[in-house]
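A short worksheet on the structure shown next.
Given the structure is predicted, the values throughout are model-derived calculations rather than measurements.
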Amino acid sequence: VQLQASGGGLVQAGGSLTLTCAASERTFTVYATGWFRQAPGKEREFVAAISWTGINVHYVDSVKDRFTVSRNNAEKTVYLQMNSLTPDDTGVYYCAMYRLSDWGRSAPSSRDLYGSWGQGTLVTVSS
């Protein structure tokens with residue numbers, strides 16, 4: 001499965017962006033999906049995840065109440081709505097497929113649990 005992230009760009013602090021992760025195959029729809037980001041000079045970090053049904057979601061604390069992850073399985077697409085952006089949100093955003101359809105009690109935040117990484121999309125938030 002190939003994933004393609006898009007929707008990044010330059011935005012002022014306080015602004016909003018919506019990222020899209022589009023998959024090449026329908027297999028994508030039965031797996032949970034995660035969003036990660038990598039700031040310059042830093043390691044790639046977990047941002048958000050959504051189960052295959054869209055019922056379960058999980059966020060890193062720093063984006064809770066600002067970011068919303070959703071999916072449209074009919075369109076083989078996962079979205080990341082980002083509001084109230086700050087310069088700390090700057091980075092390349094990646095989407096990836098989780099190894100299972102859901103994560104149960106284990107937080108889906110480890111990169112090792114994901115595969116089929118897409119090319120990232122750059123988000124730059126100016127102050």
Closest approach of [X] to [Y] (non-hydrogen atoms, all atoms of both residues):
{"X": "Val30", "Y": "Ser101", "result": "O-CB, 3.1 Å"}
{"X": "Phe28", "Y": "Val1", "result": "CB-CG1, 4.1 Å"}
{"X": "Pro87", "Y": "Ser127", "result": "CG-CB, 3.9 Å"}
{"X": "Ala74", "Y": "Arg26", "result": "O-NH2, 3.6 Å"}
{"X": "Gly118", "Y": "Tyr94", "result": "O-CD2, 3.4 Å"}

Can you tell me which residue among Leu80, Val69, Leu19, Asp89 is in a side chain to side chain contact (heavy atoms under 4.5 Å, CB included) with Val47?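 Testing each of Leu80, Val69, Leu19, Asp89 against Val47, the sole residue satisfying side chain to side chain contact (heavy atoms under 4.5 Å, CB included) is Leu80.
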
Nearest 0.5 Å, please: how far is [atom2] in [Y] from [atom1] in [X]?
{"X": "Ser109", "Y": "Trp103", "atom1": "OG", "atom2": "CH2", "answer": "10.5 Å"}
{"X": "Thr53", "Y": "Asp102", "atom1": "OG1", "atom2": "CG", "answer": "6.0 Å"}
{"X": "Cys21", "Y": "Lys76", "atom1": "SG", "atom2": "NZ", "answer": "12.0 Å"}

Set out, in order, the CA-CA distance, both residues' side-chain angles and the distance that settles side-chain contact (heavy atoms from CB on, under 4.5 Å) for Thr33 and Arg71, then state yes or no. CA-CA 9 Å; Thr33 303; Arg71 69 189 302 153; 3.6 Å; yes

Evaluate the ring planes of Tyr114 and Phe46, with Trp represented by its six-membered ring, and classify them as parallel (under 30°), tilted (30 to 60°) or perpendicular (over 60°).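 Rings of Tyr114 and Phe46: tilted, as their planes differ by 30° to 60°.
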
Trp52 and Tyr98 aromatic centres sub-6.0 Å: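 Ring centres of Tyr98 and Trp52 not closer than 6.0 Å.
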
Less than 4.5 Å apart, any side-chain heavy atom of [X] and any of [Y]?
{"X": "Ile50", "Y": "Trp35", "value": "no"}
{"X": "Leu85", "Y": "Phe67", "value": "yes"}
{"X": "Tyr59", "Y": "Thr68", "value": "yes"}
{"X": "Leu3", "Y": "Trp117", "value": "no"}
{"X": "Gln12", "Y": "Val125", "value": "no"}

Do Tyr93 and Leu122 sit in one hydrophobic cluster, given that two such residues count as connected whenever their side-chain heavy atoms are within less than 4.5 Å of each other, even indirectly?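 Per the 4.5 Å side-chain linkage, Tyr93 and Leu122 are co-clustered.
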
Say whether Leu17 and Tyr79 are linked into one hydrophobic cluster, either directly or through other cluster members, by side-chain heavy-atom distances under 4.5 angstrom.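 Looking at the clustering, Tyr79 is in a separate group from Leu17.
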
Going through the checks in order, is the side-chain contact (heavy atoms from CB on, under 4.5 Å) test met by Arg99 and Tyr31? CA-CA 7 Å; Arg99 62 177 182 171; Tyr31 289 90; 6.0 Å; no

Check the pair Thr77, Asn72 against side chain to side chain donor-acceptor pair (under 3.5 Å), reporting the backbone distance first and the verdict last. CA-CA 5 Å; Thr77 304; Asn72 182 333; over 6 Å; no

Just by modelled atom types, is the [Y] backbone N or O under 3.5 Å from a matching donor or acceptor in the [X] side chain?
{"X": "Ser24", "Y": "Gln2", "answer": "yes"}
{"X": "Thr124", "Y": "Thr90", "answer": "no"}
{"X": "Arg66", "Y": "Ser84", "answer": "yes"}
{"X": "Thr121", "Y": "Gly8", "answer": "yes"}

Could you go step by step and tell me if Glu45 and Arg111 meet the salt bridge (Lys or Arg N to Asp or Glu O under 4.0 Å) rule? CA-CA 8 Å; Glu45 66 168 350; Arg111 289 180 298 172; over 6 Å; no

Under the criterion side-chain contact (heavy atoms from CB on, under 4.5 Å), I'd like the reasoning laid out for Val92 against Arg37: C-alpha separation, chi angles, the key distance, then a yes or no. CA-CA 5 Å; Val92 178; Arg37 67 186 177 189; over 6 Å; no

A quick test of your reading: do over 12 heavy atoms of other residues, nucleotides or ligands sit less than 6.0 Å from CD of Gln119?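 No, not enclosed.
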
Stepwise side chain to side chain donor-acceptor pair (under 3.5 Å) check, Gln81 with Thr18: CA-CA 4 Å; Gln81 171 69 42; Thr18 298; 2.3 Å; yes

